[in-house]
2 protein chains.
Amino acid sequence: MQPTSKAEETSRKILDAALDLFREAGFENATMRDIAAKAGVATGAAYYYYASKDAIVMAFYERAWEELQPAVETAVSQARGLEAKLTAAIRVKLEYFAPNREVLRALVRAGADPKHPLSPFSPDTTAIRQGDIAWFARILEDGGIRIPADLAAHLPGALWFFQMGVIFFWITDESTRQARTTRLLHLSAKIVTSLLRLAGLPLTRSMRKPIVELIGVVKGA
Amino acid sequence: MQPTSKAEETSRKILDAALDLFREAGFENATMRDIAAKAGVATGAAYYYYASKDAIVMAFYERAWEELQPAVETAVSQARGLEAKLTAAIRVKLEYFAPNREVLRALVRAGADPKHPLSPFSPDTTAIRQGDIAWFARILEDGGIRIPADLAAHLPGALWFFQMGVIFFWITDESTRQARTTRLLHLSAKIVTSLLRLAGLPLTRSMRKPIVELIGVVKGA
DNA sequence: GTCTATATCGGGATAGAC
DNA sequence: GTCTATCCCGATATAGAC
């Protein structure tokens with residue numbers, strides 16, 4: 001194994017110390033001083049590697065996304081049918097982030113400010129967002145439900161939005177082991193799937209135009 | 001007019017100064033020291049009336065809700081049909097809060113933490129939330145669409161949730177005069193109305209159970 | 001009860017020495 | 001690259017004026 005440069009090692013040490021502290025003491029209670037102390041460096045050194053506490057969250061977010069890819073691949077491949085694939089893909093993420101719900105909460109809070117770099121909607125997180133949307137595109141392709149052409153292009157983005165909703169619910173869910181979120185995920189995946197099935201019927205033709213437009217408004221700046 | 005006590009006047013002065021500063025300098029940039037200075041009182045006095053910066057936001061929220069009631073009443077009474085009433089009720093709120101979008105943003109951010117007193121979902125804001133839900137119940141009654149019995153009880157809460165979604169979009173909407181939100185509101189109100197019309201048809205009977213359950217999960221502790 | 005003035009603390013962030 | 005010293009701000013506390 002190639003010896004990691006001292007810089008890489010230090011930044012890694014700081015990130016690990018931060019995540020430990022977030023888990024032990026909570027995100028808000030973990031101060032930069034504590035994090036630096038735990039990592040064995042001075043406060044200024046921590047700021048040398050991470051411009052802010054939020055930047056640590058961002059680093060965690062990016063690392064997490066990379067680490068998650070194989071598990072998502074497995075979940076999406078093995079589950080049968082759109083409903084199951086959708087549930088599995090989101091489930092995998094919730095399980096991964098379970099020990100760090102508080103950190104994810106910081107991300108979601110940032111979502112209220114579109115200019116905040118940590119916002120899931122911001123330009124800084126585009127790569128991760130696009131990667132996620134690509135998964136939903138794949139799920140729709142393999143899900144075995146015929147999607148009307150006018151909707152097809154926009155649906156992956158809409159499902160990503162759906163995922164954000166589930167994640168928001170999850171970080172605010174105080175039930176034991178987030179049991180409510182488990183039920184919410186199953187029920188809402190069932191409903192989404194049913195709605196997609198309905199979408200092909202003539203009955204819903206009058207709704208299709210506003211829905212396509214709505215998705216356009218949400219996505220298009 | 002009864003002379004307001006000095007205390008009322010001072011607390012009002014502080015609240016007004018805070019709102020001015022939020023508008024001028026942004027919510028984050030406005031410090032308690034600045035607010036107190038602008039109100040012409042000492043920092044300690046500001047804390048005497050408002051335990052925290054958040055408490056000022058809460059006071060604003062409560063005052064706003066009271067001031068909004070007549071306008072909502074007018075909007076709901078005058079608009080014809082469910083779609084129009086729904087749009088009008090939400091529109092009125094957005095217009096009222098337009099000069100203070102940043103303050104509302106603080107409220108929405110708090111929503112990511114269920115225990116935060118400012119959260120729209122918290123016990124501290126129950127009165128306001130219930131008041132809003134009552135408006136949506138009224139809108140459903142007067143809207144002229146027959147609602148299946150199993151759904152009826154839960155729908156006002158679901159519409160309140162819908163409103164929260166619109167507000168979230170609005171606070172993150174940077175388009176000129178929030179034009180995107182205007183389109184979003186119209187389109188989504190149309191879709192919601194169409195869905196409610198569909199809800200009475202036999203076709204959707206299989207979806208009704210999971211939907212009712214889903215609403216139960218979201219509302220139920 | 002309604003304030004002023006001031007001191008103090010904790011924590012995020014930064015500047016500049018080394 | 002790393003550390004020390006420092007700044008700013010939210011928040012708390014306190015002593016005392018009126």
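Please read all numbers here as calculations on a predicted model, not as lab measurements.
Counting only heavy atoms from C-beta on, A:Tyr47 has its side chain closest to C:dT14 among C:dT14, D:dT2, D:dG1. Side-chain atoms of B:Val41 lie closest to C:dT4 of the nucleotides C:dT4, D:dT2, D:dG1. Considering only the side chain of A:Ser52, C:dA13 comes nearest among D:dC3, D:dA11, C:dA13. The B:Tyr48 side chain lies nearest to C:dG1 when the options are D:dC3, C:dT4, C:dG1.
In terms of phosphate contacts, A:Thr43 brings no side-chain nitrogen or oxygen within less than 4.0 Å of OP1 or OP2 of C:dG12. Between B:Lys53 and D:dG10 there is a side-chain polar atom (N or O) within less than 4.0 angstrom of OP1 or OP2. A sub-4.0 Å separation between OP1 or OP2 of D:dT2 and a side-chain N or O of A:Tyr49 is present. Look at B:Thr31 and you'll find a side-chain N or O under 4.0 angstrom from OP1 or OP2 of D:dG10.
Atom-to-atom, CE of A:Met32 to C1' of D:dT6 comes out at 17 Å; the value is rounded to the nearest Å. What separates CD of A:Glu8 from C1' of D:dG1 is a distance of 15 Å, to the nearest Å. Rounded to a whole Å, the CD1 atom of B:Ile35 is 13 Å from the C1' atom of D:dA11. B:Phe27 places its CZ atom 15 Å from the P atom of D:dC9, with the value rounded to the nearest Å. Rounded to whole angstrom, the span from the OH atom of B:Tyr50 across to the C1' atom of D:dG10 amounts to 18 Å. Nucleotide C:dT4 holds its C1' atom 13 Å from the NZ atom of B:Lys13, rounded to whole Å. The nearest whole Å value for the distance from the CD atom in B:Glu28 to the C1' atom in D:dC9 is 12 Å. The interatomic distance linking B:Ile14 (CD1) with C:dT2 (P) rounds to 12 Å, in whole Å.
Interatomic distance, OH of B:Tyr47 versus CD1 of B:Ile35, reported as 8.5 Å (0.5 Å rounding).
Shown here for A:Ser122 and A:Arg129, the closest heavy-atom pair between the two residues is O-NH1, 3.1 Å. When every heavy atom of A:Ala59 is checked against every heavy atom of A:Tyr50, the shortest pair comes out as CB-CE2, 3.7 Å.
Under a cutoff of 6.0 Å and an axis angle of 45°, B:Lys53 and B:Phe27 form a cation-pi pair.
Counting atom types as modelled, A:Arg33 pairs no side-chain N or O with a base atom of C:dG10 as donor and acceptor under 3.5 Å.
Comparing A:Gly44 and A:Asn29 along DNA chain C, the residue whose closest nucleotide (by nearest heavy atom) sits nearer the 5' end is A:Asn29.
Of the possible donor and acceptor atoms, none in the side chain of B:Tyr61 sits under 3.5 Å from a partner among the backbone N and O of B:Val103.
Residue-level contact check: A:Ala30 touches the backbone only, with heavy atoms under 4.0 Å from sugar-phosphate atoms and none from bases.
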